[in-house]
There are 2 protein chains.
Amino acid sequence: MVEKTPTVYDVAEMAGVSIATVSRYFRNPDAVRESTRERVGQVVRDLGYVPSGSARGLAARRTGTVGVCFPSFDDVDRIDARRLGAGPPVRVRVDTDAHQDTGSDLYIAEVVRGTEIEAWRHGFAVMIAVPRGAAAHNVVEGLAGRVDGLVTLARAIDPDQLAHISRRIPVVMVAGPRDGDVYDHVTANNHGGMVALTDHLITEHRLTRLEFVGGPEDSPDAQVRFEGFTEAMLLAGLGVPERPIARSDFTRVGGRETGRLLLAERRLEGIDGLVCANDQSALGILDELTAAGVRVPQDLAVTGFDGIEASNVSTPRLSTVRQPMVELGRLAVAQLLRRLAEPMTEPSTRVLGVEVLLRDSCGAHATSTP
Amino acid sequence: MVEKTPTVYDVAEMAGVSIATVSRYFRNPDAVRESTRERVGQVVRDLGYVPSGSARGLAARRTGTVGVCFPSFDDVDRIDARRLGAGPPVRVRVDTDAHQDTGSDLYIAEVVRGTEIEAWRHGFAVMIAVPRGAAAHNVVEGLAGRVDGLVTLARAIDPDQLAHISRRIPVVMVAGPRDGDVYDHVTANNHGGMVALTDHLITEHRLTRLEFVGGPEDSPDAQVRFEGFTEAMLLAGLGVPERPIARSDFTRVGGRETGRLLLAERRLEGIDGLVCANDQSALGILDELTAAGVRVPQDLAVTGFDGIEASNVSTPRLSTVRQPMVELGRLAVAQLLRRLAEPMTEPSTRVLGVEVLLRDSCGAHATSTP
DNA sequence: TTGTACGCGTTATCAA
DNA sequence: TTGATAACGCGTACAA
């Protein structure tokens, strides 16, 4: 990095060819005679030449990059407070707390992984961004200017800004319902999954007094799941709560707060099941119930939604609805590239199937797998 | 996206200003008179104008993006085989297998999260790439051409190619030792952590017949951990295995295979502790030991390394060494930006402290936290 | 198979 | 405070 970064011109000159040939060397090597190809290749190595993505993007009018935008549930301030690299080289301590939260959102991590895989398959790079803080708009605008298309999780981008940038690049929304908007959507069958799960609690486990723990007010997914819950209750002829018994913020820490609140106010008495809007909330609540001596599922059934790995190894293991997270990401990118190729087709909505996973937190099951 | 994407020229013309003023509107709004600023802003909104990142990058000679490169342990082919969006809308099944592996690597996810946070704090975007498959070189080259600097996990990039691209942009390596190379490094105290953990097994739990389960042959971290293990054994005057009793590939699935192998060949008899090179391997082995009726830690102690969340909720909870994964990512980016500002300083190596977490898989502890 | 020449959409430097 | 204009590094017709 001491040297001035070489350009096509430098390579061309040293190899005794034109810049067009250097360009061909990278984009279409077969169109270059072998002897020239070797000569160019040698110079490229000697000079440490790497083509400029900016110049390429400008000239070709496409960046070969897809953007992925997602909301942040992590507490950056708290992480920020942790001084970088502080602490002794090795610290040894007995760790008795099974309930720490790393703060990472597995659901998002899996979706992002899916986008990366599909992008990779098509030779695209992935640029990620989290619009948080005061500069959220700049983050999104910067991203939109640098990519050929954008995948965004619901609620990550301000709707007005989304409308603005979608005039420049196609946008695919992951999760969240279409409310008359014009974007492509990829989502999972939240409604059906929640109906089936709730129905299972009612039909198989004979639970009648169920309550719902909601998510953030503005989460369409949480809303749809609540509707699925009430629908199943209605169909079974049971009394339907008008609203969630509590709301959590989709984090495990938030779930624990909710759990403490419900316990402290004795609002769980007479309830035989707690249907939660997502896994992390359910796990947080589970933490507190266990700590308080409430037996799950004997005293109270608890269920989640998403199917993150943590739900599979909790004690008790959490019954939940698994969303195909990696596939959501993959399909979003696939749809994005499709639209890049065919801009004028109608906006599409793709609803992926879900899987109700019956484990231990909702009650006992026969051990035979159908 | 029907409309032709507008440029500075379009905005300038409609607002009755020069392109320079439009550029100022974005880069230094205060240098524009308020009345003109409003006029330009209005046109920007009307037109749906978003500045081109490629053009910016070309003109400014910096992209405002950092690249993050990491290896892939996921089996893309298997994921690929899963047909996109296949399956019924809702499937219900009893899920008795507590040992599924989602395939996601939490360690990497956390490091990436750290890079994103630090990049965000400095107004940088993050581009991720996984050099896998035949086109691995292209992936890396494309990334290198599109970013101002690169953070890479050890082993993600072919050394020759790394040397090549590092002539264009600064590179910071995460994990892995410096072997006389010229990059900045950010790593954790693998050696010290493993010494302390092994010493704990020997001193506190009086274990004498320990074996080490290694990682991939080419993983320097795995190698260093093995050395830490042998060092502690030596210091205690115990017999030192010349090599790991087995090697796993850092995945849980691989760990299970290793576990089955060791059980089938009865190579665990006479052993009282299994020190594993990382958490995922340890968890996989734990899965198999539990299934085979081996009691951990009574019959056999097992330990991991990394401190991923899964290690905290396994049964039994896994004693391990926690690396500060988010901080590794953050510090890597911080160092990258520092070098971008000061290119000529000496390559630095930063070793972050680790934490030995004593939980249940190594034996009982007093419940007091020091 | 190779070369010429123009355009891509910004930033930044000077002048005005 | 604003404008004219020269880079920036590459892709790509088109021509040779």
Side-chain angles (χ1 to χ4, degrees), chain A residues 3-41 43-44 47-65 123 138 141-142 144-148 168-169, chain B residues 3-41 43-44 47-65 141-142 144-148 168-169:
Chain A
E3 20 196 1
K4 169 191 168 301
T5 66
T7 73
V8 261
Y9 295 102
D10 302 317
V11 176
E13 187 178 343
M14 281 197 59
V17 298
S18 73
I19 63 166
T21 297
V22 178
S23 182
R24 282 188 201 101
Y25 170 83
F26 284 98
R27 305 204 57 73
N28 185 14
D30 295 332
V32 180
R33 185 189 305 153
E34 178 159 358
S35 59
T36 10
R37 203 190 309 157
E38 281 172 6
R39 207 146 26 94
V40 174
V43 174
V44 165
L47 252 36
Y49 171 71
V50 177
S52 152
S54 296
R56 282 187 156 171
L58 186 55
R61 261 159 305 196
R62 18 163 289 137
T63 62
T65 305
N138 298 322
E141 184 170 283
R146 286 187 265 233
V147 301
D148 293 333
R168 170 181 243 263
I169 52 171
Chain B
E3 20 195 359
K4 170 193 168 301
T5 66
T7 72
V8 262
Y9 293 102
D10 302 317
V11 176
E13 186 178 343
M14 282 197 59
V17 298
S18 73
I19 62 167
T21 298
V22 178
S23 181
R24 282 187 203 104
Y25 169 82
F26 284 97
R27 304 204 59 74
N28 186 13
D30 295 332
V32 180
R33 185 189 304 152
E34 177 158 359
S35 60
T36 27
R37 202 191 310 157
E38 281 173 7
R39 211 150 20 98
V40 174
V43 174
V44 165
L47 252 35
Y49 170 72
V50 176
S52 153
S54 296
R56 284 188 155 172
L58 184 55
R61 264 161 306 194
R62 19 163 287 138
T63 61
T65 305
E141 184 169 283
R146 284 188 267 233
V147 301
D148 293 332
R168 168 180 245 263
I169 51 171

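Order of the sequence lines fixes the chain letters, A, B, ..., with proteins taken first and strands second; residue numbering starts at 1 for each chain. Atoms considered below: every heavy atom in the structure, side chains included; atoms not considered: hydrogens, waters and symmetry mates.
- The distance from atom CG of B:L58 to atom C1' of D:dG9 is 5 Å, rounded to the nearest whole Å.
- The side chain of A:R61 contributes no N or O atom lying less than 4.0 Å from OP1 or OP2 of C:dC8.
- Atom CG in B:N28 sits about 13 Å away from atom P in C:dT13, given to the nearest Å.
- In this structure, of C:dG9, D:dC10, D:dG11, it is D:dG11 that holds the atom nearest to the side chain of A:S23.
- To the nearest 0.5 angstrom, B:D148 atom CG is 8.0 Å from B:I169 atom CD1.
- The distance between atom CZ of A:R168 and atom C1' of C:dT10, rounded to the nearest whole Å, is 11 Å.
- Spacing between atom CZ of A:R27 and atom P of D:dA13 amounts to 11 Å, rounded to whole angstrom units.
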Please write out each protein N/O paired with an N/O of nucleotides 2-5 of chain D under 3.5 Å, distance rounded to 0.1 Å.
residue: D:dT2; atom: OP1; partner: B:T36; partner atom: OG1; Å: 2.8
residue: D:dT2; atom: OP2; partner: B:R33; partner atom: N; Å: 2.9
residue: D:dT2; atom: OP2; partner: B:T36; partner atom: OG1; Å: 3.3
residue: D:dG3; atom: OP2; partner: B:S18; partner atom: N; Å: 2.9
residue: D:dG3; atom: OP2; partner: B:S18; partner atom: OG; Å: 3.2
residue: D:dG3; atom: OP2; partner: B:T21; partner atom: OG1; Å: 2.8
residue: D:dG3; atom: N7; partner: B:R24; partner atom: NH2; Å: 3.1
residue: D:dG3; atom: O6; partner: B:R24; partner atom: NH2; Å: 2.7

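- Distances shorter than 4.0 Å separate none of the side-chain N or O atoms of B:Y25 from OP1 or OP2 on C:dT11.
- Put simply, CG on A:D30 is 12 Å from P on C:dT2, counting in whole angstrom units.
- Separation of atoms CD (A:E34) and CZ (A:R39) is listed at 12.5 Å; rounding is to 0.5 Å.
- When side chains are defined from C-beta on, B:T5 does not count as touching B:Y49, because their heavy atoms never get closer than 4.5 Å.
- Residues B:V40 and B:V32 are not in side-chain contact: their nearest non-hydrogen atoms beyond the backbone lie 4.5 Å or more apart.
- Tested against B:S35, the residues B:R33, B:E38, B:R37 include a single side chain to side chain contact (heavy atoms under 4.5 Å, CB included) partner, B:R33.
- Contacts of A:F26 with the nucleic acid, taken as non-hydrogen atoms under 4.0 Å apart, are absent.
- At least one side-chain heavy atom of A:D10 sits under 4.5 Å from a side-chain heavy atom of A:T7.
- Taking atom OH of residue A:Y49 and atom P of nucleotide D:dG9, one finds them 10 Å apart after rounding to whole Å.
- Applying the 4.0 Å criterion to OP1 and OP2 of D:dG11, one finds that A:R56 has a side-chain N or O inside that range.
- Between B:R62 atom CZ and D:dA7 atom P there is a gap of 22 Å when expressed in whole angstrom units.
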Less than 3.5 Å apart, which donor and acceptor atoms pair up between the side chains of residues 52-61 of chain B and the rest of the protein, not counting sequence neighbours?
residue: B:S52; atom: OG; partner: B:S54; partner atom: N; Å: 3.3
residue: B:S52; atom: OG; partner: B:A55; partner atom: N; Å: 3.0

